[in-house]
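Below you'll find the structure, written out as structure tokens, and then a few comments.
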There are 2 protein chains.
Amino acid sequence: MKPKISDVAKVAGVSPTTVSRVLNNRGYIGEETRKKVNDAMKELNYYPNDIARSLYIKKTFLIGVIFPTTGNPFYGQLIFHLENYANSLGYKVLLCNSQGREDKEKSYLHMLQRNQVDGIIAGAHNRGIEEYDIPNLPVVGFDRYLSKNTPVISSDNYEGGKQATQLLLDKGCSKIIHINGPIDLETPANLRRTAYEDVLRDNNMLPITYETEWANEEVIRRLFDEHPDCDGIFASDDMIASVVLREAKKRKISTPNQLKVIGYDGTETIRTLLPELSTVEQPIKGIAEKAVDLLIKQIDGAWNGDQLEYTLPVKLIDSETTSLQKGEK
Amino acid sequence: MKPKISDVAKVAGVSPTTVSRVLNNRGYIGEETRKKVNDAMKELNYYPNDIARSLYIKKTFLIGVIFPTTGNPFYGQLIFHLENYANSLGYKVLLCNSQGREDKEKSYLHMLQRNQVDGIIAGAHNRGIEEYDIPNLPVVGFDRYLSKNTPVISSDNYEGGKQATQLLLDKGCSKIIHINGPIDLETPANLRRTAYEDVLRDNNMLPITYETEWANEEVIRRLFDEHPDCDGIFASDDMIASVVLREAKKRKISTPNQLKVIGYDGTETIRTLLPELSTVEQPIKGIAEKAVDLLIKQIDGAWNGDQLEYTLPVKLIDSETTSLQKGEK
DNA sequence: TTCCACATGTCAACCGGTTGACATAAATAG
DNA sequence: CTATTTATGTCAACCGGTTGACATGTGGAA
């Protein structure tokens with residue numbers, strides 16, 4: 001059986017209360033006693049039962065993290081930073097892969113409540129769920145409006161969309177098409193599209209947007225079929241951009257000569273595997289830290305609740321797929 | 001304050017014990033009573049406190065998962081499947097990104113014990129830690145020997161290494177170099193290297209292996225500098241392979257004509273971003289499910305402990321970077 | 001000498017749900 | 001009409017650590 005406080009007390013020759021005092025640094029403790037207790041803990045390989053502790057103090061130091069899947073490099077990296085930063089602040093992460101499925105997300109939400117998590121960070125690409133309005137449960141959203149009172153962290157989607165579109169224009173594209181996720185998702189990421197449309201209209205060009213949930217080849221083939229004269233594509237994520245590049249290659253459309261492509265996200269994985277892809281890099285680490293900070297502020301009751309949206313700057317990466325070719329304007 | 005069992009009992013007009021009976025389906029319960037209780041729970045938005053429950057039943061349904069980082073597509077995907085499958089069996093996942101750092105891994109190990117996890121799944125690329133020999137704590141390793149009694153899941157590393165090397169040979173390569181992780185890590189993944197060396201020696205060729213912890217450009221540049229006549233590279237993971245491809249391109253070495261390259265892992269991410277890369281695909285989902293099954297078997301005391309190594313089959317993907325070019329033999 | 005900071009012990013309540021023992025009563029079966 | 005099954009209540013112990021109240025005893029300062 002696992003040793004408990006009373007076992008440690010017995011070995012150390014002190015009372016259980018004293019052990020608890022050592023554990024929590026409360027009251028007066030003599031140096032030798034502290035040593036005896038610590039030695040006993042080591043000898044018994046004792047680790048305090050945090051479950052019991054949590055029950056009494058009504059705090060678990062657990063945070064639930066709900067995202068579509070760690071398998072996607074963007075979320076994988078975001079979750080890495082979330083966990084890493086949370087850990088450095090003494091919090092632990094309960095992982096939930098919702099796969100964008102409403103039913104899974106709901107059941108995770110219940111599970112997290114049963115497990116008495118101190119707070120939840122939930123992320124983009126899930127359909128609307130009203131149930132995030134949980135009394136006394138701090139929540140932070142990423143690129144996603146969860147309820148009227150939950151703060152949302154995003155990168156500067158409008159600015160990113162604007163810069164990406166403007167870059168294609170500057171590099172001489174005359175027919176620019178945008179590929180985005182489904183617009184019915186209520187997410188700040190839609191601002192990328194808004195920015196794209198604004199920039200095009202400002203330049204008297206017609207915005208055309210294709211919608212696709214994932215990096216769906218079929219949609220991209222359709223795009224090429226319907227717009228053979230397209231010479232610039234702004235994809236709302238790098239995976240989609242890479243499929244675009246591939247399809248262009250298949251059709252002997254040269255990049256960047258005939259077609260310029262820019263993606264979105266700029267994960268380390270993409271920067272390693274596909275450094276030639278121009279993209280808009282999101283500050284993933286910054287997003288993660290902001291989200292955790294904000295959540296813990298809520299947990300500690302130190303959040304005044306006035307600012308609901310937090311926007312972090314993006315960085316344009318002008319790489320080979322948008323290079324200005326000689327001979328072009 | 002959060003409602004508790006006694007609050008539910010009050011609203012439903014029954015005793016706390018009856019509520020518990022409904023919750024756990026124990027003893028006799030009348031249909032109307034069950035309904036009254038369920039209604040009361042809904043009305044109060046009641047979720048049983050699993051912390052309290054765990055304390056009594058001495059079981060948390062938590063499993064700790066320790067891997068270098070969810071940011072890497074391979075681990076990200078593996079962890080996705082681990083969580084997903086564990087979830088389907090009623091278990092929850094506590095996420096730990098060790099970053100391959102021994103100190104972090106140790107502190108995670110202690111954290112997990114304090115949190116009373118039912119078991120731990122830990123993965124490759126961490127240096128040796130003796131402390132995995134924890135009495136009464138089920139552990140499963142992935143591609144990593146944790147202690148003499150912990151079972152290890154791996155894909156068939158020897159077969160994978162053999163097939164990869166053989167493929168390069170079959171496609172006509174005459175000087176094949178291998179790039180691997182540090183050999184001092186005690187992992188079954190070293191069998192990839194063993195297989196490579198065996199195959200080369202069987203063909204009277206000299207095995208040459210470069211070691212690198214990560215996808216390190218410098219090592220790869222050195223390889224090209226020192227062996228300009230190399231015409232086949234077997235990289236022990238796809239990230240490294242992609243850096244090889246890039247360096248080759250930089251040096252105007254054409255792939256696959258002058259140089260054939262094959263990687264290892266075959267994650268979805270790589271298959272999407274770099275489908276031209278030949279690789280050895282690991283059965284990630286299968287690995288995850290086997291690991292969870294084995295862990296839960298241990299937890300349930302249903303593991304006899306006789307078989308310590310579990311090997312799953314790999315799949316060779318012969319794509320463009322190893323294509324046989326016309327004109328070559 | 002007196003008082004107070006320091007050090008430790010004893011005891012019991014508490015966190016919220018689980019479980020077994022036992023009591024009671026209605027419905028159903030033999 | 002009795003025996004059994006079904007349905008529910010009361011009560012208390014328990015899981016393991018936390019905390020406050022209170023007692024006791026030491027040594028040093030005033």
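In the text below, chain A, chain B and the rest are named by the order of the sequence lines, each starting its count at 1.
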Exercise. Does the side chain of A:Lys58 get closer than 4.0 angstrom to OP1 or OP2 of C:dC14 through an N or O atom?
Worked result: no

For this session: Rounded to the nearest angstrom, tell me the gap between atom CD in A:Gln116 and atom P in C:dC15.
Result: 14 Å

Exercise. Which ones in residues 7-28 of chain A lie close to DNA chain C, meaning a heavy atom under 4.0 Å from one of its atoms?
Worked result: A:Gly13, A:Val14, A:Ser15, A:Thr17, A:Thr18, A:Arg21, A:Tyr28

Seminar exercise, completed: Which of C:dC15, D:dT18, D:dG16 is nearest the side chain of A:Ile5? It is D:dT18

Exercise. Does the side chain of A:Tyr56 get closer than 4.0 angstrom to OP1 or OP2 of C:dG17 through an N or O atom?
Worked result: no

For this session: Taking ring pair (Phe, Tyr, Trp, His ring centres under 6.0 Å) as the test, write out the residues that go with A:Phe74, two or more places apart.
Result: A:Phe142

Exercise. So how far is it from A:Leu308 CG to A:Asn149 CG, rounded to the nearest 0.5 Å?
Worked result: 7.0 Å

Exercise. What integer distance in Å separates B:Lys36:NZ from D:dA7:C1'?
Worked result: 11 Å

For this session: List for me each residue that meets side chain to side chain donor-acceptor pair (under 3.5 Å) alongside A:Asp118, sequence neighbours excluded, and say none if there are none.
Result: A:Thr60

For this session: Can you sort out the partners of B:Arg114 under salt bridge (Lys or Arg N to Asp or Glu O under 4.0 Å), two or more places apart, ordered by chain and number?
Result: A:Asp50

Problem set entry | Selected nucleotide, minimal atom distance to B:Ile57 side chain, candidates C:dC15, D:dG17, C:dT19 | C:dT19

Exercise. Looking at B:Lys2, does any N or O in its side chain come under 4.0 Å of the phosphate oxygens OP1/OP2 on C:dC15?
Worked result: no

Problem set entry | Interatomic distance where CD1 belongs to A:Ile29 and P belongs to C:dG9 [whole Å] | 12 Å

Exercise. If only side-chain N and O atoms of B:Tyr46 are considered, is one of them under 4.0 Å from the OP1 or OP2 phosphate oxygen of C:dG17?
Worked result: yes

Exercise. Which residue pairs pass the side chain to side chain donor-acceptor pair (under 3.5 Å) test when at least one of the two sits in residues 286-299 of chain B, sequence neighbours left out?
Worked result: B:Tyr85-B:Asp293

Problem set entry | Nucleotide D:dT18, atom C1' - distance to CG of A:Asn49 in whole Å | 13 Å

For this session: Would you mind classifying the nucleic acid contact of A:Ile51 as base, sugar-phosphate or nothing, using non-hydrogen atoms under 4.0 angstrom?
Result: nothing

For this session: Report the distance from atom CE of A:Met1 to atom P of D:dG17, rounded to the nearest whole Å.
Result: 12 Å

Compile the donor-acceptor pairs under 3.5 Å between side chains in residues 38-48 of chain A and protein atoms, sequence neighbours left out, one pair per line.
unit_1: A:Asn38; atom_1: ND2; unit_2: A:Arg34; atom_2: O; d: 3.2
unit_1: A:Asp39; atom_1: OD2; unit_2: A:Lys35; atom_2: NZ; d: 2.7
unit_1: A:Tyr47; atom_1: OH; unit_2: B:His110; atom_2: NE2; d: 3.1

Exercise. Atom OH of A:Tyr47 to atom C1' of D:dG17: distance rounded to whole Å?
Worked result: 18 Å

For this session: Specify the separation, in whole Å, of atom CG of B:Leu55 and atom P of C:dT18.
Result: 11 Å

Problem set entry | Atom pair distance, as rounded to whole Å: CD in B:Glu32 and C1' in C:dA26 | 12 Å

Problem set entry | Heavy atoms of other groups near B:Asp306 CG, more than 12 under 6.0 Å | yes

